[in-house]
Structure formats: C-alpha cells, structure tokens
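Values below: all heavy atoms of this structure, side chains included; hydrogens, waters and symmetry mates excluded.
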Amino acid sequence: MARRQKEPSVPTATFHLSAPSGHFWIDLGLAVLHAELGPGPHPVDAVLAWLTDRYVQPTGNTGEYYDRSTESLRSYPKKNWVYPLNFFIKVTPDSGEKVKRLINGQEKAYPTQPPVYRLELKFSARPGRCTVCGAEAPTTQAGMWVFPFAVAPNNFGNFYSMTKQGIDLCSRCALAGAAGYLGWLWRAAGREYMHFFIFHGELSTMKGLYENHIRPAQLKATKSGNASMAFYGPYVHESTLGLLLDLFARLRASDGSAASENGGNLGATPDGGLAILRRFFDVEATVPVPLTLYAIHGTFGQALEIKSIRAFSRLEAHYGRYERWFDRLSTVGFSSPGRVIGQIFRQFVRERRQPGGDRSLRQETIWRDRVARAVLTEEDPFPAIEQFLYEERARDKDRRPLVAGTLVLFDHYAEEVLRMNPSFLKMLSGFGYSLGKKAFEEKEMGVLYMMRNAKNIQEFYRVLNDIQFRLKMTVPEALLMFEAGDRIAGVPWIRLKTMLAIYAMNAYLRAENGGKEEETEGEALDRSVS
C-alpha cells in the first residue's frame, strides 16, 4: 500500500494583542489587523489577498491586452497601488505571457491578460527565529519594497538597527508589516513627504487609537494627505507642530463629559475619536506608558528617499503648555485663542520667487521650522524669531510687525520654559516697546540693528550707552547689572539682547503701521498661510 504523502500546512497568523513587538511599524499593523479582521487564526494568503484589495485601486485609465480566445484586443480598466503606497510597494503585477501580433499594420507585444496585482510572502520550510518578536516559526525575509520601515540594513537600516543581518519575520509580524500602511498619517508638500505614527506600548491602546482617531482621519483624506494639521511644510518640526496644534485645538474644543458618559463607547459622539487620546493629555492624570509620535521625513523621486526620523515624547507637557497659552491669550482679550495660536506660528514664512525660468512664488518656511524645533525641544525660540523679524519683516517691501498675540505667547514661554522672572520680563518688554517707538519717532532704525548686531556684552553696553544720548532715554538699572559669566540680572546677556531687539523692532514696525498690530484679530484669523 502506497504511503500517503503529507500535505503541506497552510501558514496562518493570529493577531493577538498580548505581545507587542516594540517596533512602531509592526505594532501599528498588528493593531490594524486585529481591528479589521479579528484575532484569527487567519490564512496568510487570505490576509495578503485582503490587503491587496485595499492597496490597489482603479486609475481611471484603460489598457489593452490580447485575448487568445477571441484573437482580438480587449480593453481593461487600469489599476495601480494606492498613492502614496506606489512609492513603496514595487511588486510588479502579473500580465501573463506576452505575444507579438500584427494589428492595424503595426507589430507589437501585448500582454495576454489584465495585470493581476498580488502580494506574496515565501516562508522557510524549517522554523527560524523572528527578528522582531523572537518567535520560533517559519520566517520570511523583510524586503525594502514591502516593509519600508523594517528592512535590511543595506536599504533603510537607519529605521531598524537591532540587527546587522537581514530581518526575518514570522507570519504574524510579516503580515503586520505589510498592513502598517493602513494605519499611518501622512502629508505631502510638493516632493517633501511626512509620515506620522502615533505609538503606544500597549497594543489594545494602539487598536483604540486606530479605530477612533486614525481611521476617521483617513476618511477625510485628500490628495495631499490624511493628517489634519494647523499648517505644514517641507520640514519635520514645523509639520509636527502643525499636527499637534490641530490635535490640541480639537481636544480642547471636544466635550469630555459627553465621551465619558458613553461608558467607553468612543465612537458615539462627534468627537468620540478624541476620547481615547484625552487621558494621555490630562496633565493631572498619571499614564504609566506615554504616547510617542514618530515623524519621518522623506523626498519623492522614483521612490522615497528617507532624510530623517524624529521621535517626540512628552506630548502631555506640550498640551499643558498649549492650555496655558490659550488661557493667557484669553485673559488679554482674544476671543478665539486656539485659532490665534495657529496663526502665530503660521506667520513665520516668506514668499520667494523660484530660481531660473520659473519665477512663480513659493513659501520658504525655514523660520517656522526653527521656531517649532525650539518649542518642541523646549529650547530658546527667540534667535529664530529675531532673525525672521530683522531679516524678513523689517526688510520687506510692506513692513509689518508680528501677528497680534505673538509676544504674549512667547513671553509666557520665556517664563515657563526659560525660567525668566516675570517682573524682569515685564520691565524688559516695556523698555523694548518704548525704545522701538522712540526709534521710529527719531527715524533711528539703525540703532536697533546696532543693538541686534552686538557681538559681546561690551558692545551691547556701548549701544545702550549710545541709546541714552542719541534717543535721550533712560536705560533701566536692571539692564546694567553685569554679573559673572556674561549674565545680566541672572540672564545670559545674549538672550536678553535678542529679546530686547525683538520687542524694540516689533514696536518700531507697529508704530510705522499707525500704532496697530500687523492685523486686527479678525483679519489675522481669516488670513490663511498653508
């Protein structure tokens, strides 16, 4: 009697939430698959077919293939990998055997079937060890064109440095890597491209974030992306801040009581998708595992050239500061502080003409990125603000001061983050305002540039002395208190000089514009800078 051969087993995967990998791309995919397909087990080929169906869409164009059964050309609707996945997934569809035929007097090679798009994974016959989760199981090697953020070191190795060898994935991690595209937030600005990943160490939380925040955002996607942002541009920090400010504004505007009354049914209210995020941004709550926001910057050519990756934590601290900015602006009379905050950061741009034959205008946002970088890393934003004010606004054909509320916001930042004394700060801003106004009256803008260009504390003191005689102003005694380490009243002299230069130039430009801020509050809110 012939021995019956054992049929090969069909690879399956179970998407349980009890064992996160710690890799943001793989865990995102696991959360998506658990939410969309359930825990499993699922045949690998069935999951790949489901993913292919999600990743391929009609282009609106038609193609032709040669139908052997009718010996004629037939048209078919063309498809392609969904944008922007087509920059990552380079799996060539199967168009069948090509045949040469002479049709309409022209010989040409035609495919014999419409292209069939298919994601495939080949697993080893013997068990190996998964590089990501450590499981012993048949594995497949991660490839750059399917797993862009978990691949071999000779490709995008800067994203996954746990191994110097190739990356082997078990069926669970491989399918999660292939599904990660379903959970990202992205935004394109010309050829510059940003990916955002909200990461948490608990897969159940990741699943909730996907179901209640990421998936609803994807339904509102446009050609430029699916991330809702207060502003964005070609640089990492400005776009990250734009994403966070939009999120913070919606968190503050949403009704927290309505979400809690639904007993965890986060999708039951219009802002239910934000409820799961609320507990992470409650500054009074203790969240044992914080959120991390990954921002990845790349440039499109034939594929995506990765330029940088940044991980942003302490998001709850940034939200707490946003709340205090909101309250400070409200206290001084702004009726829509959230919108004002967005406008304050949006202003740090300049329109420039393209070089060469193309003379169209484009926005340069490097100053916004520098200010955003300082805010997100809790460093000093005033040098970037000073450079923007003196080298752009003051030299512009239509000179104008900073948007109303700018110095209110950054004065608070100086108090809270740079630990500047509020009384000293009030004195400094008051003197700067008087200096700028007096310089305008005397047509002495040059003295402001002299102060700004001081290279050391001795030069700074000489400028202050010149101000007393040239403008007949009394310099506050606190500014003349020289201390060891080139400090004045406990503040590094260079920071004090930079802030004074900002206050003075802004007051000068305000006086030049008839004593008003750049715009009324309403005009500032309606003015949009992308």
Side-chain angles (χ1 to χ4, degrees), residues 230-231 238 241-242 245-246 248-249 252-253 321-351 363 365 367-368 370-372 374-375 381-382 384-417 420 422 425-440 445 448 498-530:
F231 49 80
E238 62 167 332
L241 184 61
L245 289 182
D246 177 85
F248 294 165
R252 183 174 176 101
R321 187 166 302 118
Y322 175 88
E323 289 274 18
R324 291 185 286 278
W325 283 344
F326 192 105
D327 294 340
R328 178 73 70 93
L329 288 166
S330 179
T331 299
V332 299
F334 287 91
S335 59
S336 301
R339 296 179 66 191
V340 173
I341 293 171
Q343 178 62 25
I344 286 170
F345 286 98
R346 268 194 292 271
Q347 73 181 308
F348 296 108
V349 299
R350 173 70 187 270
E351 288 190 337
Q363 285 192 336
T365 63
W367 300 274
R368 186 165 67 195
R370 290 174 181 169
V371 174
V375 169
F382 291 102
I385 297 172
E386 180 204 60
Q387 183 182 18
F388 173 75
L389 188 59
Y390 275 76
E391 298 182 14
E392 294 299 334
R393 282 289 177 85
R395 295 179 180 178
D396 198 16
K397 181 171 132 182
D398 299 317
R399 299 195 303 211
R400 60 197 190 279
L402 298 169
V403 166
T406 300
L407 298 183
V408 175
L409 184 148
F410 285 104
D411 279 355
H412 176 270
Y413 184 93
E415 293 176 23
E416 183 174 291
V417 180
M420 291 188 67
L425 193 58
K426 186 176 181 180
M427 177 278 300
L428 184 67
S429 62
F431 176 64
Y433 174 80
S434 299
L435 173 59
K437 187 178 178 182
K438 186 69 171 178
F440 171 75
M445 180 184 273
L448 304 185
T498 298
M499 295 178 69
L500 183 58
I502 292 170
Y503 295 135
M505 179 58 78
N506 197 60
Y508 185 105
L509 297 177
R510 184 195 300 174
E512 192 174 56
N513 279 263
K516 297 180 180 180
E517 298 287 352
E518 176 196 7
E519 300 159 302
T520 67
E521 180 189 353
E523 290 170 337
L525 298 181
D526 291 336
R527 182 170 169 268
S528 174
V529 181
S530 62

All heavy atoms of Gly436 vs all of Ala507, minimum pair found to be CA-CB, 4.0 Å
Arg399, Arg400, Arg393 screened by salt bridge (Lys or Arg N to Asp or Glu O under 4.0 Å) with Asp396, the one that passes: Arg400
The side-chain hydrogen bond (donor to acceptor under 3.5 Å, both in side chains) partners of Glu415 (sequence neighbours excluded) come to Arg328
Mutual orientation of the aromatic rings belonging to Phe248 and Tyr322 [parallel < 30°, tilted 30-60°, perpendicular > 60°]: tilted
Distance, nearest 0.5 Å, that separates CD of Glu238 from CG of Leu241: 9.0 Å
Output, in order, the C-alpha distance, side-chain angles, deciding distance and verdict of side chain to side chain contact (heavy atoms under 4.5 Å, CB included) for Arg368 and Phe231. CA-CA 10 Å; Arg368 186 165 67 195; Phe231 49 80; 3.8 Å; yes
Residues Ala384 and Val371: closest non-hydrogen pair is CB-CG2, 3.8 Å
Exercise: identify the closest heavy-atom pair between Gly405 and Leu329: O-CD2, 3.8 Å
What is the distance from atom CZ of Arg346 to atom CD of Gln363, rounded to the nearest 0.5 Å? 11.0 Å
Which atoms form the tightest heavy-atom contact between Val349 and Phe388, and what is the distance? O-CE1, 3.5 Å
Tell me every residue that passes salt bridge (Lys or Arg N to Asp or Glu O under 4.0 Å) with Glu391, counting only those two or more places apart in sequence or in another chain. Arg452
Heavy-atom closest pair (Ala230 atom, Asp246 atom, distance to 0.1 Å) is N-CB, 3.5 Å
Please work out which of the three classes, parallel, tilted or perpendicular, describes the rings of Phe410 and Phe345, given edges at 30° and 60°. perpendicular
Residues forming a ring pair (Phe, Tyr, Trp, His ring centres under 6.0 Å) with Tyr413, sequence neighbours excluded: none
Non-hydrogen side-chain atoms of Gln387 and Glu392 separated by less than 4.5 Å: no
Heavy atoms, side chains only, cut-off 4.5 Å: are Phe334 and Ile341 in contact? no
Is there a side chain to side chain contact (heavy atoms under 4.5 Å, CB included) between Leu425 and Met499 once you walk through the steps? CA-CA 9 Å; Leu425 193 58; Met499 295 178 69; 3.3 Å; yes
What distance do Met445 atom CE and Tyr390 atom OH have between them, rounded to the nearest 0.5 Å? 8.5 Å
Taking all non-hydrogen atoms of both residues into account, name the closest pair between Pro401 and Asn513 and its distance. CD-ND2, 3.6 Å
Separation of Arg321 CZ from His412 NE2 (nearest 0.5 Å): 8.0 Å
is_close_aromatic(Tyr508, Phe440), centroid dist under 6.0 Å: yes
Output the distance between atom CG (Leu389) and atom OG1 (Thr498), rounded to the nearest 0.5 Å. 12.0 Å
From Leu402 atom CG to Asn506 atom CG, the distance as rounded to the nearest 0.5 Å: 4.0 Å
Looking at Ile344, Val403, Val375, which hits side-chain contact (heavy atoms from CB on, under 4.5 Å) with Leu409? Ile344
